[in-house]
Amino acid sequence: MKSFRIAVLTSGMSRGSNFEALVNSFREKNLPVEISFVLITRRNAPIKGRCERLNIPIFYHSTKNWDEFETHLIEKCRESELDLIALAGFMKQMTPNIITNIGSPITNIHPALLPEFGGKGMYGSNVHKAVFQAGRKVSGATVHLVNSNFDEGEVIGQEDVDISQCKSPSEIGATVLKIEHTLYGKAVWDYLNR
Ligand code: GAR
């Protein structure tokens with residue numbers, strides 16, 4: 001069976017639960033997917049502890065000087081000979097320079113049913129607040145390919161979930177997160193093999 005190398009990109013004070021779910025989904029099924037490194041953009045991001053526990057290398061780079069960040073990220077990804085780059089809680093917009101030069105396809109997981117509740121400013125808890133305010137009974141998660149418009153690339157995985165019993169945005173967030181954890185690994189594996 002062909003083996004694959006991927007990197008996971010996170011930003012800010014990333015929690016890393018999707019990263020851990022990805023690692024576990026490959027390890028539990030013995031799938032030949034190696035996570036080369038995890039990008040963190042803050043030295044004290046909570047995800048660091050998970051990387052250490054799971055024995056996955058960390059690549060730290062600040063985004064303060066964005067041009068420098070782009071150059072070093074592209075270099076790091078190209079030299080790692082990746083098959084895919086998985087964003088998991090990476091809240092910055094991918095620029096055309098990164099997308100064109102990074103050398104492998106990029107996927108993202110979004111905590112809502114795109115094309116609804118996506119776009120600029122729609123990330124993390126903002127998404128669940130908007131879904132709650134809209135009075136939705138169903139939400140979900142979407143895995144998509146990344147282009148330089150927020151949340152607009154081809155959808156490669158989507159799953160919905162009943163949120164009619166959720167009484168707050170954070171309850172919606174917790175319900176959707178469970179779906180994210182099973183969806184991302186499956187969507188990435190299917191995409192790698194397509
Ligand atoms: C996840 O809910 C993910 O879908 C969301 O950030 C959270 C990261 O949690 N991403 C976005 O909103 C991207 N637009 P995690 O660090 O525990 O995986």
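In each ligand, atom 1 is the first atom listed, and ligand 1 is the first ligand listed.
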**Q** With respect to atom 13 (C) of ligand 1, which of Met91, Gln93, His181, Arg50 exhibits the smallest heavy-atom separation?
**A**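 Looking at heavy atoms only, Met91 sits closest to atom 13 (C) of ligand 1.
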**Q** Can you tell me how far the CD1 atom of Ile35 sits from the CZ atom of Phe4, to the nearest 0.5 Å?
**A**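 With rounding to 0.5 Å, CD1 (Ile35) is 13.5 Å from CZ (Phe4).
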**Q** Looking only at protein heavy atoms, which one is nearest to atom 10 (N) of ligand 1, and how far off is it?
**A**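 Sorting protein heavy atoms by distance from atom 10 (N) of ligand 1 puts Ile109 O, 3.6 Å first.
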**Q** Is the Lys NZ or Arg CZ of Lys64 less than 6.0 Å from the centre of Phe69's six-membered ring, within 45° of the axis?
**A** no
**Q** What atoms of ligand 1 come within less than 4.0 Å of a heavy atom belonging to Gly124?
**A**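 So the atoms of ligand 1 that pass are 11 (C), 12 (O).
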**Q** Verify salt bridge (charged side-chain N to carboxylate O under 4.0 Å, His left out) between Asp83 and Lys2, making sure each step is shown before the conclusion.
**A** CA-CA 11 Å; Asp83 296 290; Lys2 185 178 176 338; 3.7 Å; yes
**Q** Out of all atoms in ligand 1, which are within 4.0 Å of some heavy atom of Ser17? Include the element for each.
**A** 15 (P), 16 (O), 17 (O), 18 (O)
**Q** Show the atoms of ligand 1 that are less than 4.0 angstrom away from any heavy atom in Asn18.
**A** 1 (C), 15 (P), 17 (O), 18 (O)
**Q** Is the shortest side-chain N to carboxylate O distance from Asp190 to Arg194 below 4.0 Å?
**A**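 Judged by the 4.0 Å cut-off on N to carboxylate O distance, Asp190 and Arg194 do not form a salt bridge.
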**Q** Among all protein heavy atoms, pick the one closest to atom 14 (N) of ligand 1 and tell me residue, atom and distance.
**A**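 In this structure, atom 14 (N) of ligand 1 has His110 ND1, 3.4 Å as its nearest protein heavy atom.
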**Q** Which ILVMFWY residues can you reach from Ile172 by hopping between side chains whose heavy atoms are under 4.5 Å apart?
**A** Phe117, Met122, Val127, Val131, Phe132, Val161, Ile163, Val176, Ile179
**Q** Determine whether the side chains of Glu70 and Asn97 contain a donor N or O and an acceptor N or O closer than 3.5 Å.
**A**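 Yes, Asn97 and Glu70 have a side-chain donor paired with an acceptor closer than 3.5 Å.
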**Q** For Ser14, counting its heavy atoms only, list the atoms of ligand 1 lying under 4.0 Å from any of them.
**A**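 Checking each atom against Ser14, I get 16 (O).
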**Q** Is the side chain of Thr10 donor-acceptor paired with the backbone N or O of Ala88 at a distance under 3.5 Å, no angle test?
**A**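 Not at all, since once roles are kept as given, no pair shorter than 3.5 Å links the two residues.
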**Q** Which Ile, Leu, Val, Met, Phe, Trp or Tyr residues join Leu113 in one cluster when any pair of side-chain heavy atoms under 4.5 Å counts as a link?
**A**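 Answer for Leu113: Val138.
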**Q** Counting heavy atoms only, which of Gly16, Ser11, Gly173, Gly89 comes nearest to atom 16 (O) of ligand 1?
**A**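 Shortest heavy-atom distance from atom 16 (O) of ligand 1: Gly16.
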**Q** Number the atoms of ligand 1 from 1 as they appear, then name those within less than 4.0 Å of a heavy atom of Glu180, with their elements.
**A**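 Listed by number with element, the hits are 1 (C), 2 (O), 3 (C), 4 (O).
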**Q** With a 4.0 Å cut-off on heavy atoms, does Val127 reach ligand 1?
**A** no
**Q** Atom 7 (C) of ligand 1: which protein heavy atom is closest, and how many Å away?
**A**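 The answer is Arg15 NH2, 4.1 Å.
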